[in-house]
Number of protein chains: 2
Amino acid sequence: MRGALRRDELLRATVAVIERAGVAGVSHRAVAAEAGVSVASTTYHFATLDDLLVAALTGAAEDLTAELHERVTELGARPADELARLIEHLLVYRRGRTLAEYELYLQAARRPELREAAAAWLQPLTEIARTFTTNPQKASLLVAALDGLLLQSLVRARPFAQADVAALLAHLR
Amino acid sequence: MRGALRRDELLRATVAVIERAGVAGVSHRAVAAEAGVSVASTTYHFATLDDLLVAALTGAAEDLTAELHERVTELGARPADELARLIEHLLVYRRGRTLAEYELYLQAARRPELREAAAAWLQPLTEIARTFTTNPQKASLLVAALDGLLLQSLVRARPFAQADVAALLAHLR
DNA sequence: AAACAATCAGTACGTCTGTCCTGGTAGTTT
DNA sequence: AAACTACCAGGACAGACGTACTGATTGTTT
């Protein structure tokens, strides 16, 4: 069972490769080089590339869920401002990671086996939205808007101003 | 100049390949096979794969802009319902195409030369939002929400119910 | 300590890839 | 009609790819 560490390291390396080169850049060799191991080690733990991508997606979804869940509890008296700060965090200090997550997320549109993991992605967002507004329709709208704001910011490579985001979100209380 | 037709056909074939196999499935050979021409014909018009992808993205953005612009004028007395109908159209009758557009859109996050074309993508959406509400902040929020709703629907492979979407959007008037 | 299974380094094979090169063909220009 | 140019078919090349195979190594079990 000593291989579990190696396995986790390979998943970490996979996400690192995606951050740098996108999902298209993922290959057994690229991941092995990133992790500093041999190709055989990657094919041993993940026989096919598909296995590797699926494991990377589900792992990343779990990580994000855990991280966001932690931040939910910190949402206090000024949730719009704090949400805006969270968005900026995801777009600036974790831009590569966030972009990788969106690429993996979009993969789920083509791979039914990823759909469950992708759905899990929205759960912490929904949780955040629920603390923001009690109206369930507004909460759904907020989740969609957060998704769209993140996506647009990634593409324009320039995050919106924090204050503007906060003002925007305030419309959905 | 007779090659212009062939060039357009190659771009159409490229989008068709993306619909079927994603951006990752695009290769000179796959596009040539889809268009029923030789590989040399694709490399003649688009020397590198990058050229092909960039041209496909900008072309798709122009197509969508033209199409959505047409639909803007049709938005009448019940814009929420009609927006919901438009969303369903993009997700059901044009699902493959919409998915391809999102894949290309996300490419822009990594390729600065695509950023302009990607930005053009949002323009018709913004236009639609402006006819929906006069408040510019709500309009921005609506564009983001539309983006998020489309993305989420693509991933869950099941569009939201039209009536629910209409009810959601009504909150942003 | 001996047998075992998990783990991985090294290597190999067939396939697909991007891109280039050599011609040939068919419209255009002079 | 002759020269020219745009276009594209066919094939070639080196490289990267997924994946399978062969042994070594190393921790675990008996």
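Because the structure is predicted, anything quoted here is derived from the model rather than measured. Chain A is the first sequence line, chain B the second, and so forth, proteins listed ahead of strands; every chain is numbered from 1.
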Can you confirm if the NZ or CZ of A/Arg156 lies within 45° of the ring axis of A/Phe160 and under 6.0 Å from the centre of its six-membered ring? yes

Nearest-0.5 Å distance, OG1 of residue A/Thr42 to CD of residue A/Glu9: 12.5 Å

By salt bridge (charged side-chain N to carboxylate O under 4.0 Å, His left out) - contacts of B/Asp50 (at least two apart): B/Arg111

From A/Glu88, A/Glu101, A/Glu19, residue fulfilling salt bridge (charged side-chain N to carboxylate O under 4.0 Å, His left out) relative to A/Arg94: A/Glu101

OP1 or OP2 of D/dC8 sitting under 4.0 Å from any side-chain N/O of B/Tyr44? no

Would you kindly give the CD-to-P distance between B/Glu9 and D/dC7, to the nearest whole Å? 16 Å

Side chain to side chain contact (heavy atoms under 4.5 Å, CB included) with B/Val23: which of B/Val17, B/Ile18, B/Thr14, B/Leu57? B/Ile18

Atom pair distance, as rounded to whole Å: CZ in B/Arg7 and P in D/dA6: 15 Å

So, does B/His45 get its side chain near the phosphate of D/dA6, meaning an N or O under 4.0 Å from OP1 or OP2? no

Does B/Ser41 reach the side chain of B/Arg6, with side-chain heavy atoms less than 4.5 Å apart? yes

Protein-nucleotides 18-23 of chain D N/O pairs closer than 3.5 Å?
from   : atom 1 : to      : atom 2 : distance (Å)
D/dG18 : OP2    : A/His28 : N      : 3.1
D/dG18 : N7     : A/Arg29 : NH1    : 2.7
D/dG18 : O6     : A/Arg29 : NH2    : 3.0
D/dT19 : OP2    : A/Leu49 : N      : 3.0

